Amino acid sequence: MRLELGLVNITNVRFGACTEIVRDELFIDRAALIAQLEQEPLFERVEIELAHPGDSCRILRVLDVVEPRYRLNGANFPGALDPNGLVGEGETRALKDVAVVETDQFATQSRSIIDMSGPAVEYSPLCHTHNIIVVAHPKPGADKADYRLAVKRAGLKAATYVAAAARNVAPSEKRIFELPPVAANQGPKELPRIAYIFPMHSHQHPTQQNETVFYGSNIQGFMPTIVHPNEILDGGLMFSYSAFTWFAQNHPVIHELYRRHGHDLWFAGVVLTVAPVTIAEKERNTALAARLAKEVLNADGVVATKIGGGAVDTDLMMIYTRAEEMGMKAALIIMERYPDTGITFVPANVNALVTPGLTRDPITVPAVKRVIGGDTIALDNADPDNSNPGVTVIPATSELNLWMGDIAGAISQVGASRLTTYMS
Amino acid sequence: MKKIRVVHYLNQFFAQIGSEDKADVGPEIRDGLIGPGRALQHALGDNGEIVATAFCGDNYFAEHQEATIDELIGRMAEYKPTLLVAGPAFESGRYGIACGAICDAAQQRLKIAAVAGMDEDNVGASLHRKRIYIVNSGATIARMTTTLQRMGALGIKLARRESIGKPEDEGYLPRGIKRNEFAAKPPAERAVDMLLAKLRGQAFSSEIAPPKFTGSKPAAPLRDLKSAVIALVTDGGLVPEGNPEKIEPGRPTRFTTIPISGVTSLEPEKYDAVHSGYDTAIANRDPNRLVPLDTMRDLEREGAIGKLHEIVHSTGGAHAAVENATRIGKDIANRLKAAGVTGVILTST
């Protein structure tokens with residue numbers, strides 16, 4: 001299966017009379033986009049704002065971030081936005097250096113921000129994109145959970161709407177993602193076969209019944225299965241929480257395995273799974289995931305990552321242990337949260353862990369001129385431990401004493417960041 | 001830039017009062033520097049000035065620790081210092097403990113910067129390295145001058161609230177506190193590198209060390225349930241409605257006690273579950289499914305167990321620091337033991 005991702009160069013994003021790309025500039029018909037998003041019955045009104053790299057601007061209450069993509073040969077985000085269909089094959093256009101940022105207007109306690117200038121830009125790729133921000137105001141009485149799903153749908157819609165302008169624009173760069181069917185996926189003997197085991201969600205926070213995570217499924221009761229890596233890159237997966245969809249579309253581990261495929265490793269494939277909540281299900285899913293990597297993908301080694309809180313650490317350790325028991329080698333990417341807690345569930349046999357960083361590491365970001373997505377932030381600047389979260393509310397333009405994990409996109413659990421950690 | 005006002009703490013020997021025979025000398029504070037203070041002043045240069053030297057005999061400090069700290073902190077405050085430098089104590093255990101304790105107290109009570117110096121195997125280091133910066137002095141006075149240079153340099157940074165570098169660059173003992181730093185390669189690439197090195201049998205090093213736990217011996221099984229006193233304990237965050245004691249939903253430092261005398265079932269309108277690590281909807285709908293009080297009352301009535309302990313102990317266990325979790329656990333266990341409880345049902349989430 002072959003995916004041709006055409007990257008369309010975009011140097012600026014502006015509002016214009018119609019949505020089009022002219023000489024590397026994306027123009028957006030603001031009223032037309034708003035009208036599309038306001039079709040959502042839970043929204044009273046929708047605002048669309050723009051923020052550019054270098055602006056003295058802060059985006060608040062960030063819920064999800066999506067890279068604008070448009071598939072020339074079929075459905076976009078099938079099951080979540082378009083009706084059923086398959087992705088990962090054919091041609092897709094992507095707007096380079098552009099992102100759609102969704103804000104959750106119920107999330108007044110959220111500290112998730114994107115700063116377009118200042119120290120935050122050293123850490124997150126989402127501070128370097130021209131950001132199209134969706135601020136959807138809920139109707140009075142709207143259900144919070146349903147509203148959240150509606151905002152995520154609106155983000156997909158906006159991303160697809162603007163990327164459709166790239167339909168007839170020649171890409172400045174083409175990236176090919178191609179892996180044959182499992183039986184035909186044979187490399188030279190000397191290259192180790194590497195599989196990626198990917199728990200895409202932890203049901204410690206269960207999905208809503210009507211939530212669309214993988215191909216429109218709420219993934220409740222999801223069992224480990226082989227998927228083509230392109231399904232994840234091309235709009236098959238939208239994260240529920242704890243990670244931004246942008247990092248599924250630009251998945252660091254899948255990109256890395258593709259990049260080295262045929263050089264120093266052979267990309268054997270992807271096992272997609274979830275972290276369930278009971279011990280029996282955890283044992284079953286982790287063993288089956290390792291089994292699929294070993295017996296179906298014939299892997300010599302596995303990389304695994306997680307999405308979610310500390311509960312999934314156990315699943316990762318079980319995947320690692322089962323994989324090594326079956327004769328494979330394993331390495332894990334696991335985010336650290338608290339400076340003094342460590343990762344509690346590390347059995348003695350686990351010796352290959354990579355950290356994308358520590359979320360509770362302080363970072364101070366300076367005052368800004370403009371904020372989008374809210375006027376205030378629930379934060380006590382004088383209380384670095386944030387011991388009473390949400391008690392103090394300050395103007396969002398202020399200098400803020402935050403945690404690294406509050407900078408949206410600075411640390412992604414799937415292995416994107418510029419960071420590691422050291423013991424001080 | 002304003003000069004940093006420094007107080008230097010020494011023991012009786014380095015304060016030139018006398019050696020072991022003067023180890024019971026009480027606390028005192030004098031203007032200006034004494035002995036090793038000269039090298040410290042040299043290290044501080046124009047950035048700071050030693051305004052006073054505090055000292056105490058090692059034995060006296062050990063035997064009257066709290067009172068000595070109270071007195072020294074009170075008298076130090078009169079000098080309006082912004083930095084306390086203590087030691088170096090090298091391998092001297094009593095001196096090391098004193099340096100650590102006085103630095104810890106100065107940080108907390110005077111809200112000033114503090115840095116101690118001692119050998120990494122000094123018992124004072126293991127007691128205090130998590131909370132204060134301790135420069136590794138080595139065991140003998142051979143490294144006195146270089147140690148004081150490092151203590152001075154680190155003290156200036158701390159007093160000015162500048163960012164502190166890595167242990168190997170600044171010379172302090174790792175405190176067990178993780179920090180971020182930029183990496184040469186992204187995590188996905190490092191993970192694949194590590195895996196390939198492992199497959200090739202080459203050297204690699206994990207970026208996260210496994211935690212160190214002190215093992216505990218399980219108690220012997222209860223011989224007779226019919227005479228057992230059973231307590232219910234949870235880390236699932238059960239609290240009385242409205243959480244009056246403001247028990248933390250995560251990162252717990254405390255626990256709460258919930259009296260259940262005469263209560264046969266946990267009614268949802270009287271209790272809440274506060275916990276940042278799981279969806280509390282089901283527990284809030286029926287708190288008995290978090291803490292099985294209803295079933296335990298049945299068993300008590302049927303005589304299957306002797307008696308249910310009339311207090312539920314509860315905390316919110318998400319992301320607990322091992323240190324706090326250990327303390328909370330010991331505290332609860334001691335209370336249960338004192339109350340004559342013979343068995344405990346722990347419900348976790």
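Nothing here was measured: the structure is a model prediction, and the numbers come from that model. A, B, ... follow the sequence lines: proteins, then strands. Residue 1 opens every chain.
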**Prompt:** Stepwise, does the salt bridge (Lys or Arg N to Asp or Glu O under 4.0 Å) test hold for A:Arg418 with B:Glu181?
**Reply:** CA-CA 8 Å; A:Arg418 297 187 60 200; B:Glu181 66 173 330; over 6 Å; no

**Message:** Could you walk me through whether B:Arg179 and A:Thr421 satisfy the side chain to side chain donor-acceptor pair (under 3.5 Å) test, starting with their C-alpha distance in whole Å, then the side-chain angles of each, then the deciding distance to 0.1 Å, before giving a yes or no?
**Reply:** CA-CA 5 Å; B:Arg179 297 298 313 267; A:Thr421 60; over 6 Å; no

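Of the listed residues (A:Ile254, A:Val350, A:Val302), the one with the most heavy-atom contacts under 4.5 Å to chain B is A:Val302. Contacts with chain B were tallied for A:Ala330, A:Ala311, A:Gly309, A:Pro252; A:Ala330 has the most, counting heavy-atom pairs under 4.5 Å. Contact tally against chain B (heavy-atom pairs below 4.5 Å) for A:Asp264, A:Val303, A:Val277, A:Leu265: the top residue is A:Asp264. The greatest number of non-hydrogen atom pairs below 4.5 Å with chain B, out of A:Ile363, A:Val346, A:Thr355, is found for A:Thr355. Note: A:Ala352 leads A:Ala352, A:Pro356, A:Gly301, A:Pro362 in heavy-atom pairs under 4.5 Å with chain B.
The side-chain heavy atoms of A:Arg260 and B:Glu189, taken from C-beta on, include a pair separated by under 4.5 Å. The shortest side-chain heavy-atom distance between A:Tyr422 and B:Pro167 falls under the 4.5 Å cut-off. Side-chain contact between B:Arg251 and A:Asp340: present, with at least one pair of heavy atoms (C-beta onward) separated by less than 4.5 Å. Looking at heavy atoms from C-beta onward, A:Met423 lies out of side-chain contact with B:Ile177 at the 4.5 angstrom threshold.
Taking OG of B:Ser205 as the start and CG of A:Leu353 as the end, the distance is 11.0 Å to the nearest 0.5 Å.
Only the side chain of B:Phe204 comes within less than 4.5 Å of a heavy atom in chain A; its backbone stays farther off.
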